[in-house]
Amino acid sequence: MNKISLDQLHTFGCPVKAQTYQAIRQLDDLRDLLPLSKPYLILGGGSNMLFTKDFEGLVLHNQIKGIQILKESATEVWVEAGAGEVWQDLVNWAVASDYGGIENLSLIPGSVGAAPIQNIGAYGVELEQVFDHLKAVNLETGKVQLFDRAACAFAYRDSIFKQALKGKFLISQVCLKLSKQPIFNTSYGAIQQVLEEQGGELSVAKISAAVCAIRQSKLPDPKEIGSAGSFFKNPLVPKEVAQILKANHPNLPIYPSTNGRLKLSAGWLIDQAGWKGYRKGDAGVYQHQALVLVNHGQATGQEIWELAKAVQASVQKRYGILLEPEVNVFL
Ligand code: FAD
Ligand code: NAP
């Protein structure tokens, strides 16, 4: 049987194939396949994945569509979107309707269904802040289960679907609670500056446009240069560790976090270790943001992974901090 190319189905754009492929447009497409008898992988927009070799199994490509309002109050609206909707299409829908909550998450690549997996976040907002519940199919039993916010165990770029339930459920719908009277979050450095330059009254659309403009100026467009966004998570460290590092590296940016920890900038650590703009063959570290590893054209997933490990080792040697990949790496 001919293998299926995944080159165009993930944003790193590395040459990689899968044994078989099935688009899931409705739940019956999935139920017909259960119980799954071979290794499988759920694919959304492929914007948070690195394949280091061919995938010898079945790719389940989520394409469940639909955006609908489940209910609304005077101040809020509960919106359910199919997991296969493009995240930016949902953002555009919310912006056009003037519903607030996800405007800071504008232009994050990928699908709605993957958004809860790593609790997507940007510009001071995380998905969990607007999340109401999701529906997911248990891939062993075929039963649909509802997960509220507590059940998802959201954390910084993390959820139960990256931990105990990794690969066990296919998320089919996500319901967000958006606001008709949004409280805008413009505290994240660059947003404020762009809005001030633009002038005029604050709105969902204005913030979304500002975020899009900042992102377009700083981040590689997956259509032009392969990447999966930030390759590593920002490390969350105990206060004492941050204090020692700060004493030795006074310019180290440190941000507040939860559970008595502080957040370090992984991009800064990689940059200071001398990696920004580095290139070996077609595998590289993005010249405008050291946290982003890129495929300049023909790099294989293995070459990107070798680079990631070299970056990781060098940061650990220099700062004693082990960077954890944010990207889902298939070894
Ligand atoms: P995929 O890469 O297809 O899948 C990611 C993981 O989720 C895989 O483990 C997959 O098996 C699983 N999965 C996917 N869909 C489902 C489903 N329906 N049910 C169960 N499991 C599923 N992320 C941020 O948080 N903030 C950012 O600002 C951000 N910026 C980015 C910028 C660029 C240029 C790029 C390339 C990436 C960026 N990312 C960012 C990472 C990425 O866009 C997000 O993680 C996004 O949510 C991934 O969506 P996806 O559909 O592409 O997921
Ligand atoms: P940036 O604004 O240059 O900031 C660098 C890092 O410092 C970010 O990782 C950010 O952490 C942290 N930071 C900056 N200001 C902060 C503040 N006021 N409070 C708390 N933390 C702060 O980063 P960037 O690369 O241009 O990205 C901008 C936003 O888009 C960030 O939120 C980033 O997470 C998101 N983004 C994510 C990805 C991805 O793949 N995950 C890719 C591109 C951009 P946080 O990352 O925790 O915000």
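- Checked by atom type and distance alone, the side chain of Ser227 never pairs as donor or acceptor with a backbone atom of Phe12 at under 3.5 Å.
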- Task: Mind running side chain to side chain donor-acceptor pair (under 3.5 Å) on Ser106 and Asn104 for me, showing each step along the way?
- Result: CA-CA 5 Å; Ser106 294; Asn104 291 44; over 6 Å; no
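- In this structure, Tyr156 shares a hydrophobic cluster with Leu236, the cluster being traced through Ile, Leu, Val, Met, Phe, Trp and Tyr side chains under 4.5 angstrom apart.
- In the displayed structure, Glu197 atom CD is contacted under 6.0 Å by more than 12 heavy atoms of other residues, nucleotides or ligands.
- The two residues Gly113 and Ile171 have their closest heavy-atom pair at O-CD1, 3.5 Å.
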- Derivation of the side chain to side chain contact (heavy atoms under 4.5 Å, CB included) call for Ser111 and Asn62: CA-CA 9 Å; Ser111 61; Asn62 193 319; over 6 Å; no
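- Here the closest heavy-atom approach between residue Ala23 and residue Gln63 is recorded as CB-OE1, 4.0 Å.
- Under the 4.5 Å side-chain heavy-atom criterion for grouping Ile, Leu, Val, Met, Phe, Trp and Tyr, Phe51 is not connected to Leu293 through any hydrophobic cluster.
- A donor-acceptor contact shorter than 3.5 Å is absent between the side chain of Gln193 and the backbone of Ala190.
- Under a cut-off of 6.0 angstrom, the local environment of CD in Glu140 is sparse, with at most 12 non-hydrogen atoms contributed by other residues, nucleotides or ligands.
- Salt-bridge check for Lys177 with Asp132: failed, with every basic side-chain N at 4.0 Å or more from each acidic carboxylate O.
- At distances below 3.5 Å, at least one donor-acceptor pair connects side-chain atoms of Glu85 with backbone N or O atoms of Gly66.
- In this structure, Tyr319 and Trp268 have tilted ring planes: the angle between them lies in the 30° to 60° band.
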- Task: Apply side chain to side chain contact (heavy atoms under 4.5 Å, CB included) to Leu58 and Gln19, showing your working.
- Result: CA-CA 6 Å; Leu58 167 65; Gln19 211 178 59; over 6 Å; no
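- Nearest approach of Ser230 to Val292, heavy atoms of both residues: N-CG2, 4.2 Å.
- Annotation for Leu331: atom CG counts as buried by contact number, over 12 foreign heavy atoms lying within 6.0 Å.
- When all heavy atoms of Tyr40 and Gly167 are compared, the closest pair comes out as OH-O, 2.6 Å.
- Here the closest non-hydrogen pair linking Asn185 and Tyr188 is OD1-N, 4.4 Å.
- Annotation: side chain of Leu195 is in contact with side chain of Thr186 (closest heavy-atom distance under 4.5 Å).
- Taking 4.5 Å as the limit, some side-chain heavy atom of Leu176 sits within range of a side-chain heavy atom of Leu90.
- Using modelled atom types, no side-chain atom of Asn295 and backbone atom of Gly226 make a donor-acceptor pair closer than 3.5 Å.
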- Message: Assess the residue pair Phe131 and Glu126 against the criterion (side chain to side chain contact (heavy atoms under 4.5 Å, CB included)); give the C-alpha distance rounded to whole Å, side-chain angles, the decisive distance to 0.1 Å, and a yes or no.
- Response: CA-CA 9 Å; Phe131 180 88; Glu126 290 183 336; over 6 Å; no
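- For the atom pair Asp158 CG and Ile117 CD1, the distance stands at 10.5 Å (nearest 0.5 Å).
- Taking 4.0 Å as the cut-off between side-chain N and carboxylate O, Arg157 and Glu326 count as a salt-bridged pair.
- With hydrogens and angles disregarded, a donor-acceptor distance shorter than 3.5 Å links the side chain of Lys246 to the backbone of Leu252.
- When ring centroids are compared, Phe147 and His133 stay outside the 6.0 Å threshold.
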- Task: Go through Glu80 and Gln68 one step at a time and tell me if the side chain to side chain donor-acceptor pair (under 3.5 Å) criterion holds.
- Result: CA-CA 5 Å; Glu80 182 183 80; Gln68 58 166 329; 3.2 Å; yes
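- Salt bridge present: Lys3 and Glu56 bring a charged side-chain N and a carboxylate O closer than 4.0 Å.
- Within the 4.5 Å cutoff, the side chain of Leu43 has heavy atoms near those of the Met49 side chain.
- With a 4.5 Å cut-off on side-chain heavy atoms, Val125 and Tyr123 do not count as touching.
- Residues Leu269 and Tyr255 fall into different hydrophobic clusters, defined by Ile, Leu, Val, Met, Phe, Trp and Tyr side chains chained together at heavy-atom separations under 4.5 Å.
- Inspection of the Gln316 and Gln312 side chains reveals no N or O donor paired with an N or O acceptor under 3.5 Å.
- Remark: side-chain polar atoms of Arg149 are not paired, donor with acceptor, to backbone N or O of Ala151 under 3.5 angstrom.
- Residues Val327 and Ile321 share a hydrophobic cluster, clusters being chains of Ile/Leu/Val/Met/Phe/Trp/Tyr side chains in contact below 4.5 Å.
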- Query: For Ile108 and Arg215, what are the C-alpha separation, side-chain angles and deciding distance, and is it a side chain to side chain contact (heavy atoms under 4.5 Å, CB included)?
  - Reply: CA-CA 9 Å; Ile108 296 182; Arg215 291 186 72 102; 3.7 Å; yes
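- Using a 4.5 Å heavy-atom cutoff, the side chains of Val329 and Phe231 are in contact.
- In summary, Lys206 and Glu201 do not engage in a salt bridge, as defined by a charged side-chain N under 4.0 Å from a carboxylate O.
- Connection of Leu170 to Leu33 is established within a shared hydrophobic cluster, with ILVMFWY side chains joined at heavy-atom distances below 4.5 Å, either directly or through further cluster members.
- Tyr99 and Trp93 have tilted rings, their planes meeting at an angle from 30° to 60° on a 0 to 90° scale.
- Under the 4.5 Å side-chain contact rule for hydrophobic residues, Ile42 and Ile24 share a cluster.
- Proximity of Leu264 to Pro253: side-chain heavy atoms (C-beta onward) are nowhere separated by under 4.5 Å.
- Enclosure of atom NZ in Lys162 by more than 12 non-hydrogen atoms of other residues, nucleotides or ligands within 6.0 angstrom is indicated.
- Using a 4.5 Å heavy-atom cutoff, the side chains of Ile244 and Asn248 are in contact.
- Within the 3.5 Å criterion, the main-chain N or O of Leu107 finds a donor-acceptor partner in the side chain of Gln88.
- Side-chain atoms of Trp305 and Pro325, non-hydrogen and from C-beta on, do get closer than 4.5 Å to each other.
- Counting non-hydrogen atoms of neighbouring residues, nucleotides and ligands closer than 6.0 angstrom, the NZ atom of Lys309 exceeds 12 such neighbours.
- Aromatic pair His288/Tyr286: ring centres closer than 6.0 Å.
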- Query: Yes or no on salt bridge (charged side-chain N to carboxylate O under 4.0 Å, His left out) for Asp271 and Lys276, after CA distance, side-chain angles and deciding distance?
  - Reply: CA-CA 5 Å; Asp271 186 358; Lys276 200 183 213 175; 3.5 Å; yes
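- To the nearest 0.5 Å, the span separating CD on Glu76 from CG on Leu178 amounts to 9.5 Å.
- With no hydrogens or angles considered, a side-chain donor-acceptor pair links Glu128 and Asn119 at under 3.5 Å.
- Judged by distance alone, with hydrogens and angles left aside, the side-chain atoms of Arg279 form no donor-acceptor pair with the main-chain N or O of His296 at under 3.5 Å.
- The OG atom of Ser172 lies 8.0 Å from the CG atom of Leu134; values are rounded to the nearest 0.5 Å.
- Judged purely by distance below 3.5 Å, without hydrogens or angles, the side chains of Asn259 and Ser257 never pair a donor atom with an acceptor atom.
- Heavy atoms of other residues, nucleotides or ligands lying less than 6.0 angstrom from NZ of Lys53 number 12 at most.
- Taking both residues in full, the closest heavy atoms of Leu105 and Ala122 are given as CD2-N, 3.4 Å, listed atom of the first, atom of the second, then distance.
- A donor-acceptor pair under 3.5 Å links the side-chain atoms of Lys65 to the main chain of Gly84, judged by distance alone.
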